[in-house]
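So the structure is just underneath, and the comments pick up after that.
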Protein chains: 2
Amino acid sequence: CSASKWRNWARHGAPMFADLTAHEVKAVRAYLHGIPEMNLADVHTKTMKKNTILLIELELPKKKEALKTLDRGKARPPRQARVVIQFANQASPNLTEYSVGPLPNPTSHKPHTFKKGRLINFDSRPVTYLEYHFLFQLIQRETAKAHQMLLETTGGYSFINCSDHCLTFSDVGPRGLRPGERRTWIILQKDVEGYFLHPTGFEILINHQDLDPEMWTVEKVWYNNVYFDSVAELVVKYGSGAVEKIKATQATENNIYSTYIPRGHFDTPSNIHGPKLVEPQGPRYRTDQNFVEYAGWSFAYRVRSLSGIQVFDLRYNGERIAYEISLQEAIAIYAGDTPAAMQTKYIDSGWAMGVSTHELAPGIDCPEIATFIDLYHYYDTDKPKRYRNALCIFEMTTAIPLRRHFNSNFKGGYNFYGGLDNTVLVLRTTSTVYNYDYIWDFLFYQNGVMEVKMSATGYIHSTFFTSNGLQYGTKVYENGLGNLHTHLIHYKVDLDIAGQKNSFETVDVKFVNFTNPWSPADYIVQSKLHRTEHKTERSAAFHFGRKLPRHVLFNNPSKRNKWGHQRSYRIQYNSHANIVLPKRCKEENGISWSRYPLAVSLHKDNEATSSSLYAQGNPWEPLVSFEDFIRDNESIVNQDLVAWVTVGFLHVPHAEDIPNTATPGNSVGFFLRPFNFFDEDPSVASRSTVIVRQDKDGTPRVQRWTPEVVGHCVTSKPFSYDGRYGDV
Amino acid sequence: CSASKWRNWARHGAPMFADLTAHEVKAVRAYLHGIPEMNLADVHTKTMKKNTILLIELELPKKKEALKTLDRGKARPPRQARVVIQFANQASPNLTEYSVGPLPNPTSHKPHTFKKGRLINFDSRPVTYLEYHFLFQLIQRETAKAHQMLLETTGGYSFINCSDHCLTFSDVGPRGLRPGERRTWIILQKDVEGYFLHPTGFEILINHQDLDPEMWTVEKVWYNNVYFDSVAELVVKYGSGAVEKIKATQATENNIYSTYIPRGHFDTPSNIHGPKLVEPQGPRYRTDQNFVEYAGWSFAYRVRSLSGIQVFDLRYNGERIAYEISLQEAIAIYAGDTPAAMQTKYIDSGWAMGVSTHELAPGIDCPEIATFIDLYHYYDTDKPKRYRNALCIFEMTTAIPLRRHFNSNFKGGYNFYGGLDNTVLVLRTTSTVYNYDYIWDFLFYQNGVMEVKMSATGYIHSTFFTSNGLQYGTKVYENGLGNLHTHLIHYKVDLDIAGQKNSFETVDVKFVNFTNPWSPADYIVQSKLHRTEHKTERSAAFHFGRKLPRHVLFNNPSKRNKWGHQRSYRIQYNSHANIVLPKRCKEENGISWSRYPLAVSLHKDNEATSSSLYAQGNPWEPLVSFEDFIRDNESIVNQDLVAWVTVGFLHVPHAEDIPNTATPGNSVGFFLRPFNFFDEDPSVASRSTVIVRQDKDGTPRVQRWTPEVVGHCVTSKPFSYDGRYGDV
Ligand SMILES: [Ca+2]
Ligand SMILES: [Ca+2]
Ligand SMILES: [Ca+2]
Ligand SMILES: [Ca+2]
Ligand SMILES: [Cu+2]
Ligand SMILES: [Cu+2]
């Protein structure tokens, strides 16, 4: 009764977290375009001196408001949009964020204010398609001076009349060395399948700060390990033989290495389909718009255009475990020997990583049986865009038991065998940030365990090989260095454990010794639990390098389970992360969350995200600085707490990263695990359990609550188990 | 041609590693029983003063001999058995191990000698079924004195005429405090389903050293936190009210908590079958006896009666990666407040953990589509025993891509989409060591990555609750403490990377800074690879607490891949292990391997295993001491090396461990990953890749090498992918 009331309220509240519909987005756009003072233009018009909408996405309700809906069944608060507008058509260009609402018929817009009155640095804005268009034109124009040289050094590739021998480029961030700069290192690549693995040995530094592309300049050129002040200088020196020439790399037909085209041979067949998942008796989860139920779980989800996947109001048996679990940021900090490689510190929300959620292929990206769902984004566009099948939900078997026990009678038989298959619900989306593909998974186990996981695949970011580069990576193809880098992912985990009032405790073990009570001449040496309550934000901020205690627990200090223990959830890491930049590095300021595998802060609606769209453009003086959240060192005893979790790994590319980084061994994340939250394992509610006992005469008797026969596509044989072991 | 020769030799050599057949075992037994001086008796006769065979298992060929077969196609060396004989029917009882051969018609037996001339301590032998039989009789006899008290304190359970209200017991190890002792703490439990969770508050210390069970004595009794010198003393004091009585626990009908019987409710259906694996076009792996092939892989396997799962001659594309990867030992070191809990340091090869490989249930322990294989063991028996379906092999989808990339054209379309499903071959067996069930997995990915994994399930080892016990665990049911403990697993990993001559290197990163070459007023701060070659066994032995470098690599110093890098494999940990006992604890000596997450030794045939059947019985002066392997600090440069890998986790039981520990979050292990071993990812050989490109008009064109339609049990729809995202 109460559980079903909770469930209804959860379902009732879920639409609060749903991303904007195309209809809502269009209404917001129309409303804003209808305001004359805004003077808004379309993004597709070919001038940069205009005011445009960069982004329209959902603005989340305040937690307090949302909880009235979720916990008391009140009406949902009015929906709002968050809009980023670039005002470039004015004396002092700026970016402003607005709250626009109520949806679907907006009538008002309020500028959003940031902490400490910080304003958005105009030069920290992302590069739009239009700006890329002008960059491409500039590169084309500038490299035309080096047309012959390019042909020679690349084996026939250029930007002019190039047909299937064109060049393309990748750009890196940050765009400069200090706030207010907008100068970008560009890597020229052959435009073949997998062009990320085809650097030409050319890198160009372009200053594109001015809103008039005609004013942009090439500031530096790097070719085969030497710097030049202009393309012209390079061409002259190249012509005069003063520059060591790059030996033209292989012809096009040898470009297969960067592609997915099969080569080589397995002795066993791979030209037939491998094992597949089926649902012999239909799905066992339910979805209703963005509301999902599975086993004891329910949650609402969205995919934020800026930062990606998020779940809200995560409940088990109707009781909230977390208010929000959301991807915040993904960074990849590189090292290398070319200027682009040295410069590369990708901060992916600055590339709107939530937008690049492309179609998931059935049977590869998600099982054929998955529920595929379209996503909608409005970013640097004039119309909302539909990303077909960009999110999937499916139940899978992990092909291992959740629990099993064989209770031998040590006489060739058994008292009982029991087992339960470990199935899990997966919520998945991806972000393809140019070369790299992140796979974002939230996994929901039947027993109240949740797992958050990032798997890395796609192309490595590679640069032209130099012998000095071997200090910073591995040669992974002819002329190519796979640059070492560290991936770090940041998650917000707003646990609400048995209510909102939580405390944070760590548990470790220490050795004790004492006289053996039954043999006083001897000693007992054993481990003992060592609990520490962390009472302030500072004491709960664990730097990398400081040992993270074995158990980190969030509990409700006033709620106990049946056995008298504080109801808790534990965060368990699956990560090989470490610090990526020393504090003396100025860019480190923009990713201050990366200092901590775990930090805990008091929940605040104005500390909603640990990063921003502008961190890539201005890491030196970030608009949102995570360190601010914990600098005030507030009490975290019996409060609404948020855990901030950093996971990741050092990636030293190796030959096997060609053509792509493979997911095995390249997944990191964390588990949320109940720790005395329940009175027993809640998956005992599953009717998929099987118990086998022996009759008096030894015959196995199967007790089960699922159909005897799975179904002909799996097997038409009923389950059988004997369990006896015996003489031969 | 060469690859196919290699493959034939691998297949030809695999039987060298196959466990003994029932026929071979019977021949060995008959041969030994035919030797009059041995004076062998059957194990089932009811006296302990007799000579008996405890164990017959395969004796592995020497590596050098085996390599002649595997690498040069020579005839297989004669098969040998290793036999453990208990000589108890003589003045000075002893245990001796023999090599017996050749099989299947043995004609000779040679005693095995151990390092440093060590002999097997007779008291370190495992407890046989017969000894348990006598222990049970003693317990029955002794507790008869407390019959009334037992009935009262347990709510009606006893050992006499008990029908469905019987008691049973669990015993712990080690059996004493120093070498030569044989005294065991026994926990009395109610004999109900899941009796491990039904301690009665009685624990008894029995001295059973004498070969005449009539001479055995009860040395101590523990009841409800108080020690007594005898059952009689307890009974008198209990009767006189001098002892605080345990409140009789719940009646039988409330014992459901320790069972698998479903209780509780999910809102979504679990009474239908969940997702299942099917092979729509048949299996893609091949097995031939103990020889297995999948994707590029081939290997031979066995399940050693003492220690469990092993693979040999692991090859990829016909080239050996490892000569042996084998489970060596599993320990669980406990802490607690009752004498049995304080004493418990389980060293599971002392319980012959390889023998307890029971039947795997289809659909739970392994998918229905798995190949199930019978295992045979001869341990403490008169006939070999068949363990039906005790090992399984299957291919599964992990339901995530091995690689995928969406190559956007940033205009609503794409240059290409590519993907390959991440399928994996799993080799699985289990060990049920009384309460606990270990699931042992070896996983073979298509891309030359192998994973070794232990997943923990089954019942926790729990003891009677005392308030002081809360320092050592959690109350997890009425009157029960879940005792904290650490699981450590030890593996032997005899990598042979591009040949037998290997070196060992670690790679970490360090920050460097230098003047920015294109902006001399600024500095570059970035990470740099820091490589260390470890030249001796000591320098390659990493203690827990000492930082393990990020990459640990085994390479062939004289073999390079196409790009000039040493061909290497990397060990990547997935573990939360730590030290379990300080060195001052005398038992630590018996598990010296547990000091090191990683140690590297020179391969020696007489350093075949890091533990022994006798480590549990005598951890103080172990017959096999791993520390000996590295104490001589030999050079490990360009040698045949063996990596010894320890993984594990601290287990603080919590309410959700009832009824059983669940596998999610409780898996540990390691990956073996190629690191410049190949020239590119070898999984590009798979024909299961799918590539989608756009036609000129935008239409998706699918390129694939597998049938278009998977098959009607999965889906009858052909694969479809669009990939376009566009205006709404
Ligand atoms: Ca704060
Ligand atoms: Ca909270
Ligand atoms: Ca040695
Ligand atoms: Ca070796
Ligand atoms: Cu990477
Ligand atoms: Cu455990």
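So that the names make sense, note that chain A is the first sequence line, chain B the second, and so on, each numbered from 1.
- Heavy atoms only, all atoms of each residue included: B/S683 and A/F266 are closest at CA-CZ, 4.1 Å.
- Partners of A/R687 by salt bridge (charged side-chain N to carboxylate O under 4.0 Å, His left out), not counting sequence neighbours: none found.
- Once rounded to the nearest 0.5 Å, the distance linking CZ of A/R263 with OG1 of B/T689 reads 9.0 Å.
- Put simply, of B/Y334, B/Y376, B/F410, the one with the most heavy-atom pairs under 4.5 Å next to chain A is B/F410.
- Between B/F406 and A/H358, the ring planes are parallel. Angles under 30° get that label, and only those over 60° would be called perpendicular.
- Ion pairing between B/R673 and A/E656 fails under the 4.0 Å rule for side-chain N and carboxylate O.
- Both the backbone and the side chain of B/F678 come within contact range of chain A, with heavy atoms under 4.5 Å apart.
- With chain A as partner, the option from B/R404, B/Q281, B/K383, B/K475 having the largest number of non-hydrogen pairs under 4.5 angstrom is B/R404.
- Contact check for B/V525 versus A/P582: side-chain heavy atoms found under the 4.5 Å cut-off.
- At a 4.5 Å heavy-atom cutoff, the contact between A/I261 and chain B is made by backbone and side-chain atoms alike.
- A donor-acceptor contact closer than 3.5 angstrom is absent between the side chains of B/H405 and A/N660.
- Remark: A/D657 CG to B/E680 CD distance equals 12.0 Å, nearest 0.5 Å.
- Counting only distance, with no hydrogens or angles, the side chain of B/R284 and the backbone of A/T268 share no donor-acceptor pair below 3.5 Å.
- Of the possible donor and acceptor atoms, none in the side chain of B/T397 sits under 3.5 Å from a partner among the backbone N and O of A/P275.
- In this structure, the separation between OG on B/S688 and CG on A/N271 is 8.0 Å, given to the nearest 0.5 Å.
- Both the backbone and the side chain of A/E395 come within contact range of chain B, judged by heavy atoms closer than 4.5 Å.
- Look at A/E279 and B/K276 and you find no salt bridge, because none of the NZ, NE, NH1 or NH2 atoms lies under 4.0 Å from a carboxylate O.
- A side-chain contact (heavy atoms from CB on, under 4.5 Å) with B/I400 holds for exactly one of A/T663, A/D365, A/T457; it is A/T663.
- Only the side chain of A/T423 comes within contact range of chain B, with heavy atoms under 4.5 Å apart.
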